[in-house]
Amino acid sequence: MIDIVPTGQVLGATIEGLDLSKPLSEADFEQVLRALGTHGVLRFPGQSLDPAAHKAFAGRFGSLEVNVAGSFQVEEHPEVMILSNMVEDGKPLGIADAGQDWHTDMSYSETISLANVLHALRIPRDEQGEPLGNTQFANMQAAYEDLPEALKQRLAGATAEHDFNKFWEMMRREKGSTRPPLSEAQRRRKPPVHHPVFLRHPITGRQVLYANPGYTVRIDGLPEAESDEILDFLFRHQLQNRYVYTHRWTEGDVLMWDNIGCLHNAIADYRPDQHRYMQRCQVMADWIFEHPLAGAA
Ligand code: SIN
């Protein structure tokens, strides 16, 4: 029996009663999928997934992405990436600064992402034992609903450009990241793409505001100044506290979040000697828009 316990906040539920290292039954799979649309951020506590098991669970929900940056991928399982600030024998074990500002995974990709599945193996803590390196999420189904009617009408049918390089360069310019600039070959593999500003969520059928400060660069067809003004409004609107939920990590958590209906931000509030180690898989939305559950949650 699986038990879904909502946080009572704007996002989030804990799912008890599943061992994710074992294959999901069809019934459990459907419950998890519906819960993903309804609650946006699902916590599966007390899990222990090696890269193969992690990949098998995440892969049930769609094809898995192999990150364009091509680094810190687990040998034999390139779909599994390590996010970590740990260093062993002078070598970093993972990407140390992934996701450290508001963004939506894979909005820069032609096929967008359905979900991110992140497994916490080591969590930094402060001197009182409180977890650091929390992850924040913002609910884009709620943010869409509250938009002014005139703006909903104005942007209905509009598309926007998303560019992988926007976040990458922001990290180098504003956050002191040591990541090298993307090579020409990497940029060619991830050219800018265009997506509707409003999407129908494939699980809930609700409208979603699909724009994010990390990757969205331009509303198509508008003069630059007008596009900048609207994007600035949308970015401020979508990050109001009332849409934001913060997940406090515990070792063993598997967190699965909806990348269509949520933005997220990894808070970088820990020191190099406070160690964080996460395993990540990105699930593509490659069949969800055609699934019989689409729009039925
Ligand atoms: C991510 O954006 O994929 C990483 C989030 C996190 O590490 O908390």
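All figures in this text were calculated on a predicted structure; none of them were measured in a lab. Order of listing sets the numbers, starting from 1, for every ligand and every atom in it.
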Pair H264, W102: side-chain N/O donor-acceptor within cut-off below 3.5 Å = no
Counting heavy atoms under 4.0 Å, the part of M278 that contacts ligand 1 is neither
Note: R276, heavy atoms under 4.0 Å from ligand 1, region reported as side chain
Interfacing atoms of ligand 1 (cut-off 4.0 Å, heavy-atom, [X]):
X	value
T135	6 (C), 8 (O)
N116	3 (O)
L83	4 (C), 7 (O)
L118	5 (C), 6 (C), 7 (O), 8 (O)

Restricting to heavy atoms, the pick from A266, G99, S113 nearest atom 5 (C) of ligand 1 would be A266
Exactly one of R173, K166, K175 clears salt bridge (Lys or Arg N to Asp or Glu O under 4.0 Å) with D101, and that residue is K175
Using a 4.5 Å cut-off on heavy atoms from C-beta on, say whether the side chain of L239 contacts that of L263. yes
Can H103 be said to touch ligand 1, with heavy atoms closer than 4.0 Å?
yes
Nearest non-hydrogen protein atom to atom 3 (O) of ligand 1, with distance, is R280 NH1, 2.7 Å
Using a 3.5 Å cut-off on N or O atoms only, is [X] in polar contact with ligand 1?
X	value
Q282	no
H264	yes
W249	no

Donor-acceptor contacts, no H, no angles, side chain residues 51-62, under 3.5 Å, sequence neighbours left out:
residue : atom : partner : partner atom : Å
H54     : ND1  : Q279    : NE2          : 3.0
H54     : NE2  : V117    : O            : 3.0
K55     : NZ   : H77     : ND1          : 3.1
K55     : NZ   : E79     : OE1          : 3.2
R60     : NH1  : L24     : O            : 2.7
R60     : NH2  : E26     : OE1          : 2.8

With S107 as partner, the option from T216, N259, N212 fulfilling side chain to side chain donor-acceptor pair (under 3.5 Å) is N212
Do H103 and F167 have ring centres separated by under 6.0 Å? yes
* Hey, does the Lys NZ or Arg CZ of K152 hover above the aromatic six-ring of Y144, less than 6.0 Å from the centre and inside 45° of the axis? -> yes
Listing, residues 65-76 side-chain donor-acceptor contacts under 3.5 Å, not counting sequence neighbours, or none:
residue : atom : partner : partner atom : Å
N67     : OD1  : A69     : N            : 2.9
Q73     : NE2  : N67     : O            : 3.2

